[in-house]
There are 2 protein chains.
Amino acid sequence: MIKNNCLEYFFEPSRCAIIGASKNTNKAGNQIIKNLISSNYLNNGNKIFPINPSETGEVYGIEFKKSFVDIEDNIDLLVIAVSSNRIDEVVTDIENRMDTHGDLKAIITVSAGFSETGTIEGITKQELLLNCCRKNNIRVIGPNCVGIIDNINHFDSSFILGTKRVAGGISIISQSGAVGSWLLMAWASEKPVVGFNKFISLGNMADVNTVDCLEYLGNDEDTKVIGMYMEGYKNGRELMNAAKVVSRKKPILVLKVGKSKISSKAAQSHTGSLAGTDKIYDNAFKQYGILRVDSMEELSDTLRAFDKVKLPKSNRIFIISQAGGPGVYCLDNLADNDICNLASISSDGEQKLTEALPSFASIGNTKGYIDITAAADADQHRKAIEIVLEEDSVDALILITVPTLFVGAKDMAYSINQAVINLKKKGICKPILPVILYGDSVSEARTILEENGIMTVPTPDRAIKVLRQLIRYSLYLREGKIC
Amino acid sequence: MIKNNCLEYFFEPSRCAIIGASKNTNKAGNQIIKNLISSNYLNNGNKIFPINPSETGEVYGIEFKKSFVDIEDNIDLLVIAVSSNRIDEVVTDIENRMDTHGDLKAIITVSAGFSETGTIEGITKQELLLNCCRKNNIRVIGPNCVGIIDNINHFDSSFILGTKRVAGGISIISQSGAVGSWLLMAWASEKPVVGFNKFISLGNMADVNTVDCLEYLGNDEDTKVIGMYMEGYKNGRELMNAAKVVSRKKPILVLKVGKSKISSKAAQSHTGSLAGTDKIYDNAFKQYGILRVDSMEELSDTLRAFDKVKLPKSNRIFIISQAGGPGVYCLDNLADNDICNLASISSDGEQKLTEALPSFASIGNTKGYIDITAAADADQHRKAIEIVLEEDSVDALILITVPTLFVGAKDMAYSINQAVINLKKKGICKPILPVILYGDSVSEARTILEENGIMTVPTPDRAIKVLRQLIRYSLYLREGKIC
């Protein structure tokens with residue numbers, strides 16, 4: 001198989017045609033056009049061509065074409081959104097188009113009903129499409145995928161509902177359209193909305209596969225971190241070789257499912273992926289620099305962290321809590337983890353804290369932890385952060401605070417931000433994860449911090465998990481192996 | 001010590017005085033009056049008496065009193081919100097009041113600066129207050145607590161910000177004011193808001209302690225489930241004896257911190273509680289019917305579940321997923337749990353499912369699991385639920401669905417609700433936990449279900465954890481021991 005390595009046409013085509021375009025708002029061929037327009041695809045002189053022999057007039061102000069033949073422009077990307085039963089016609093159209101124009105570079109097939117059905121009929125349809133594309137040097141994503149989004153290039157060819165198109169440094173490769181949609185819907189619901197760069201729904205991987213995408217995103221300057229949802233991959237060696245190269249350049253996080261016999265069997269029915277023995281994957285991930293996460297929440301949190309938070313130098317962390325209970329809860333979660341250790345601080349540092357903090361503050365009783373108590377005002381929060389992060393022995397900080405009558409959430413946010421600014425002036429740029437408890441009543445404070453580039457997490461347990469992965473990657477870059 | 005067992009005055013006093021009442025909105029003595037008024041405390045003929053010798057005029061329309069002497073009504077409950085440095089004066093006032101009126105039944109002391117400081121001065125102050133109360137047969141909650149809320153009796157004496165006062169069957173006992181506030185703020189941010197009955201912040205437990213509250217809530221008809229945040233308890237036998245009685249009547253969930261040496265030491269600095277060996281607590285909890293949870297999220301989810309969801313008969317659960325990826329993810333989480341098993345269904349049931357569902361649906365490949373695929377419409381969701389729950393071998397159901405263009409979130413919600421109604425007509429009332437993925441875009445659908453009494457959870461992993469605890473309690477009632 002000849003690969004033209006033209007994956008860029010999946011993210012920044014200048015002419016995009018949709019076979020199966022529709023006026024019916026319940027059809028993928030309608031939503032894709034809506035999403036393309038909403039993503040501002042048309043603003044840079046790009047063009048959309050809705051194709052449907054049965055439709056007349058316009059869809060979202062764009063005139064329908066009866067077929068390819070009617071299009072004079074060169075088409076880069078074709079989206080196939082018709083029933084798999086019509087794949088014969090589509091393939092004939094592609095052949096004709098390539099004979100006359102030779103223009104198509106990439107095809108996204110969102111339609112289902114191909115090899116994922118496990119039927120001979122479905123497999124044959126997929127082969128038909130694939131053979132046509134191989135012959136004509138066209139790359140294919142799908143079938144049975146939900147599309148591609150690129151927020152930097154303003155291109156959304158997906159039929160996902162409810163996403164918000166904010167750009168960021170995260171890119172996603174998902175073997176499940178639903179899991180991908182879930183992540184994007186979650187990010188659209190965060191306050192502030194979590195931005196991302198590229199989203200790739202792989203579907204059946206008839207042609208473009210995990211490794212192609214991993215390599216492409218590895219070389220993509222705008223991708224700071226790669227997140228993957230994976231059920232299995234048939235060529236493990238190829239995947240690990242790619243991971244080895246890419247993971248030195250940027251972190252790769254994977255949520256690999258099919259851990260148990262039962263779930264692995266279900267994964268096979270789903271995307272036909274052999275999930276393989278989980279232990280083998282687990283070891284290979286560690287060896288080749290892939291950071292495995294255990295839950296969707298951890299995937300989401302850690303992707304955000306790698307995009308926003310500076311890597312800690314090592315694993316010595318400090319916890320400042322303004323509230324005893326949540327502080328102890330955080331320490332419990334720390335004790336359960338295998339990577340983060342508590343940092344000692346100097347007696348000089350302890351002395352400074354004693355002078356700066358309320359008299360009841362608990363300093364020096366527990367290694368790596370102080371309870372500054374609810375009596376601590378906003379400026380005492382600032383001082384505590386600065387004193388602790390000025391210590392050479394501290395690599396990262398979790399700050400837990402519960403806004404009260406005495407100190408409002410916004411004042412706390414401004415003080416935390418000020419501490420970060422003051423530390424920067426002294427050349428100290430260490431990760432700090434503020435946990436402001438909780439919910440809607442502190443969302444303004446969290447937004448203030450996020451807008452100043454300081455990532456926040458909702459709970460202490462999630463803060464520990466995030467720091468754990470940041471440290472794992474930091475140690476990997478130094479030691480060449482994931483702990 | 002004589003106990004008058006008058007805990008009811010903490011929840012439904014008809015006359016409530018606040019020493020340290022203030023016009024200053026940054027003071028607890030202001031917020032408490034604001035919260036009392038917001039909770040509609042005054043609507044049933046109850047009265048509030050703000051006391052402060054230095055204040056004149058009104059606070060929120062209620063006239064200040066210079067001292068107790070000026071109050072003619074009988075006072076049931078006194079809230080102390082002045083600095084601990086003024087405890088001498090307060091105690092003298094209480095003594096005088098009891099001499100002249102003999103009316104006080106209960107005192108909530110929110111002020112800090114008592115035994116929790118670990119200083120002789122603080123301990124002496126607490127002793128002074130306690131001795132006065134013992135002598136006069138007055139029960140005390142605190143010091144160093146954030147107050148009491150009772151949403152059924154419309155009484156909020158706390159100074160917590162951001163709560164919403166919706167009534168429900170959950171009651172909370174918290175050894176940390178901050179953890180309690182965190183939970184209530186979390187529930188206030190849920191859509192729809194999570195209701196609760198009583199919230200008790202214990203503080204230093206000078207008098208009223210965990211066991212008093214556990215017994216009281218055990219006898220409280222409006223409390224369906226009890227949630228506790230615990231750092232430690234000095235009289236383990238007393239606690240376990242109380243738990244043994246109460247846990248037969250209603251579930252008790254506990255988040256017990258101080259698992260590790262480090263966190264246990266920090267807990268000791270916080271509330272002076274000896275956390276003890278975690279393993280001992282763990283075994284005792286199991287023996288005496290207390291359900292232990294591992295995180296705040298699990299505490300919140302399972303409390304909601306015990307309030308809303310019928311107990312499953314046993315541990316045989318079934319998973320219906322409309323999306324492959326999230327389904328496999330759910331199976332992974334199921335494999336990690338120690339209680340829930342997958343349920344077999346009859347060949348007759350499988351036949352019915354095959355007839356009712358889309359041709360690509362994956363039925364019978366994985367025990368206890370079907371993937372109905374994105375091709376399943378709303379009515380096919382309904383049919384699948386009904387067919388599965390009609391099976392005798394199924395005790396509970398998780399339904400995972402990702403709304404798409406083809407089936408909207410609201411339609412799915414109505415279909416799920418219809419299935420529950422249809423099953424009820426046939427006398428089948430088994431727990432069903434719908435997981436609609438994800439976020440803001442499905443919040444209307446979740447609200448439809450919640451308003452119809454069907455609890456929803458945001459993710460498949462959380463659904464497994466919730467069912468696990470429901471099953472643990474169900475098996476405990478049958479077998480007398482927590483698995």
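Below, read A as the first sequence line, B as the second, and so on, with proteins coming before strands; counting in each chain starts at 1. All figures in this text were calculated on a predicted structure; none of them were measured in a lab.
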Inset, instruction - Look at the side chain of A/Ser189 and the backbone N and O of B/Gly439, then say whether any donor-acceptor pair between them is shorter than 3.5 Å. - result: no
Legend entry - Side-chain donor/acceptor of B/Tyr369 to backbone N/O of A/Ser263, under 3.5 Å: no
Legend entry - Side chain to side chain, B/Val179 and A/Pro326, heavy atoms closer than 4.5 Å: yes
Inset, instruction - Mind running side chain to side chain contact (heavy atoms under 4.5 Å, CB included) on A/Thr459 and B/Glu297 for me, showing each step along the way? - result: CA-CA 9 Å; A/Thr459 65; B/Glu297 189 177 271; over 6 Å; no
Inset, instruction - Flag the pair A/Tyr329 / B/Trp182 as yes when their ring centroid distance falls below 6.0 Å, and as no otherwise. - result: yes
Inset, instruction - Sort B/Thr25 into side chain, backbone, both or neither according to what part of it lies under 4.5 angstrom from a heavy atom of chain A. - result: backbone
Legend entry - Nearest heavy atoms of A/Met185 and B/Ser441, plus distance in Å: SD-OG, 3.3 Å
Inset, instruction - Would you mind telling me which of A/Asp440, A/Val442, A/Leu183 has the largest number of heavy-atom pairs within less than 4.5 Å of chain B? - result: A/Asp440
Legend entry - A/Lys410 atom NZ: more than 12 heavy-atom contacts under 6.0 Å: no
Legend entry - Contacting region of B/Thr404 [heavy-atom separation from chain A under 4.5 Å]: backbone
Legend entry - Residue pair A/Ser295 / B/Asp461, side-chain donor-acceptor N/O under 3.5 Å: no
Inset, instruction - For chain A, find which of B/Ala335, B/Ala186, B/Gly122, B/Gly162 contributes the most heavy-atom pairs closer than 4.5 angstrom. - result: B/Ala186
Inset, instruction - Could you look at B/Asp336 and say if it's the side chain, the backbone, both or neither that has a heavy atom under 4.5 Å from chain A? - result: side chain
Legend entry - Test item: A/Leu405 and B/Asn26 side chains (from C-beta on) under 4.5 Å apart, heavy atoms: no
Inset, instruction - Just give me the residue among B/Val146, B/Asp332, B/Thr117, B/Asp294 that pairs up with chain A most often, heavy atom to heavy atom, under 4.5 Å. - result: B/Asp332
Legend entry - Region of B/Leu255 in contact with chain A, defined by heavy-atom distances below 4.5 Å: side chain
Legend entry - Distance (rounded to the nearest 0.5 Å) between A/Leu331 CG and B/Ser260 OG: 6.5 Å
Legend entry - Within-4.5 Å side-chain heavy-atom neighbours: B/Trp187 and A/Tyr438: no
Inset, instruction - Carefully, step by step, assess A/Val257 and B/Val328 under the rule side chain to side chain contact (heavy atoms under 4.5 Å, CB included). - result: CA-CA 7 Å; A/Val257 296; B/Val328 178; 3.6 Å; yes
Legend entry - Part of B/Ile160 within contact of chain A (heavy atom distance under 4.5 Å): neither
Legend entry - Contact class of A/Phe360 relative to chain B, heavy atoms under 4.5 angstrom: side chain
Inset, instruction - Under 4.5 Å heavy-atom distance to chain A, tell me which part of B/Lys261 shows up: side chain, backbone, both or neither. - result: neither
Legend entry - Structural part of A/Val402 lying under 4.5 Å from a heavy atom of chain B: side chain
